[in-house]
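Read the structure below first, then the notes.
Lettering follows sequence order; numbering is per chain, from 1.
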Amino acid sequence: MNEDELFEALKATLLKEDREALQRLQDILDQPEKLSQKMSPVLEERLATFKQAFPKEYKGIIEKIISEKLANSKEELLEAIYPIMGKLIKKYTALQFQLLQERIDQKLKFGIWHRIKTGFRSFFFGVKEDEMILNELMSSTIDNIFIIQKHSGLLIASTNNNPAHQDDLLAGMMTAIKSFAEDAFDKNGAELEVITYDNYQLLLESYYSYYFVVAVNGNISSHQSAVIHEKMNNFSAKYLSRDKVKSGQFSQALSINLKSYFFTNPIA
Amino acid sequence: MISKKVILTGSFGVGKTSLFEQFLYSKFSQKYLTTIGVKVDKKVLNINGKELSMIIWDIAGEVKQDKVPNSYFLGTSAIIYVFDVTRKSTYEELEEDIAHIKKMLPNGITAIVGNKIDLVDDGFIEELKQNIPLPWDLLTSAKTGDNVEQLFHDIGIKLLAQNS
Ligand SMILES: Nc1nc2c(ncn2[C@@H]2O[C@H](COP(=O)(O)OP(=O)(O)OP(=O)(O)O)[C@@H](O)[C@H]2O)c(=O)[nH]1
Ligand SMILES: [Mg+2]
């Protein structure tokens, strides 16, 4: 999205100019006011473009997925569009705007500074920026990831190999809490998205016949949460199908995939 | 290992939680603590050398089954419907309740269970047989443990049969 373009621009500058240019850039980065001056117009312009372009792009995505999936069964189709209907329309849009807003609001603070530093690092080390943020998060705070069959609450996959952890029981309990909460506060099929206790957060991402739970120890930013959600979507598209989930039985193979997809460190 | 969701349902105070506790922990308490929402626990059964993991949902009692949130029924493989042999009001709605459950879960295994048989004698049971709207599958006592293992074991056999 926009920071990609931003980093492209920065990279271009870096490649064209010599070390002095880098130094100049560094100076700007070290001075919040200067940085602000440079960044604000760019960010605001991006926000405006994004607002304008979004409905157009969104329509394209939906149409593409529907045409790809129409050949398949109705349930396959539901599985495919479920996260998009629910998330893209309501939450995803809101989240994207919130992210932009956050960045603008905090343009002088840690937020932007950190992002630009990570941008540099990813440029020099050739690691995708999202990947890096995810890794930082992984190494410190994600405890476990579950994939659970939606209604039965049966565990399909988990990143935890230790049977003593009783992940299948936890999966049942979380599903019961989810059902209870959704029933108690029923609002047009809205789904529970986060359970918080103490310093723990359970992030829930629902699909048509299954849902993910990411157990996070500590606070995460909305950007980090967006990265996780995107990872879940990508993992679903790559590894999960209705058939895989239908039996409601635990899959070792899927668990291994889940673990390597979320926890493998691409830098190492 | 095969995992299945099993629910305990029925009117309030019939002994669902007591059956659950007796089966899982071989415990019984006279105290009545009504269940709020739902409680989940798990037990691994060994049936003829095959392991089956039962994820058991103990649901808050409702006077009529159509009051139970639909989401509790979804994805369930077996339903244990419990009534209290000493309280007529807990089996008066039996036919409607079972019809509702069958509608919710056409392929689910159902067991109709009369609990608290330790409180009644054989004559009473004979009379109950004449008056109950639908026949029961098993009579149990969560207090003495009578037929409790049997109940879950029978369901386990049916679940495994269904799976193969
Ligand atoms: N004598 C006797 N008492 C029982 C038996 N089973 C349960 N009770 C008593 O009946 C009361 C209610 O039992 P629970 O197991 O809490 O009933 P429940 O169906 O879970 O009730 P809700 O959660 O309110 O729906 C308690 O006081 C139990 O001690 C039984 O087999 N024999
Ligand atoms: Mg109870």
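Within residues 87-121 of chain B, no residue has any heavy atom less than 4.5 Å from a heavy atom of chain A. For residues 45-62 of chain B, a heavy-atom distance under 4.5 Å to chain A picks out B:S53, B:I55, B:W57, given by residue number.
For CD of B:E127, the number of neighbouring non-hydrogen atoms (other residues, nucleotides, ligands) closer than 6.0 Å is 12 at most. Other residues, nucleotides and ligands contribute over 12 non-hydrogen atoms within 6.0 Å of the CZ atom of B:F124.
The two residues A:H151 and B:K5 have their closest heavy-atom pair at O-NZ, 3.1 Å. Between B:G75 and A:S152 the shortest heavy-atom distance is O-CB, 3.1 Å. In terms of heavy-atom proximity, B:G37 sits nearest to A:F180 at CA-CE1, 3.5 Å. Contact record, A:M173 with B:V40: CE-O, 3.6 Å, taken as the closest heavy-atom pair. The nearest pair of heavy atoms linking B:M1 to A:Q249 is O-OE1, 3.7 Å.
For B:K158, there are no salt bridge (charged side-chain N to carboxylate O under 4.0 Å, His left out) partners at least two apart in sequence or on another chain. Residues that satisfy the salt bridge (charged side-chain N to carboxylate O under 4.0 Å, His left out) test with B:E21, not counting sequence neighbours, are B:K27, B:K39.
Listed options A:T175, A:L169, A:L155 were ranked by heavy-atom pairs under 4.5 angstrom with chain B; first place goes to A:L169.
For a residue to count as touching a neighbouring chain, one of its non-hydrogen atoms must lie under 4.5 Å from one of that chain's; by this rule B:N70 does not touch chain A.
The side-chain heavy atoms of A:F250 and B:S3, taken from C-beta on, include no pair separated by under 4.5 Å.
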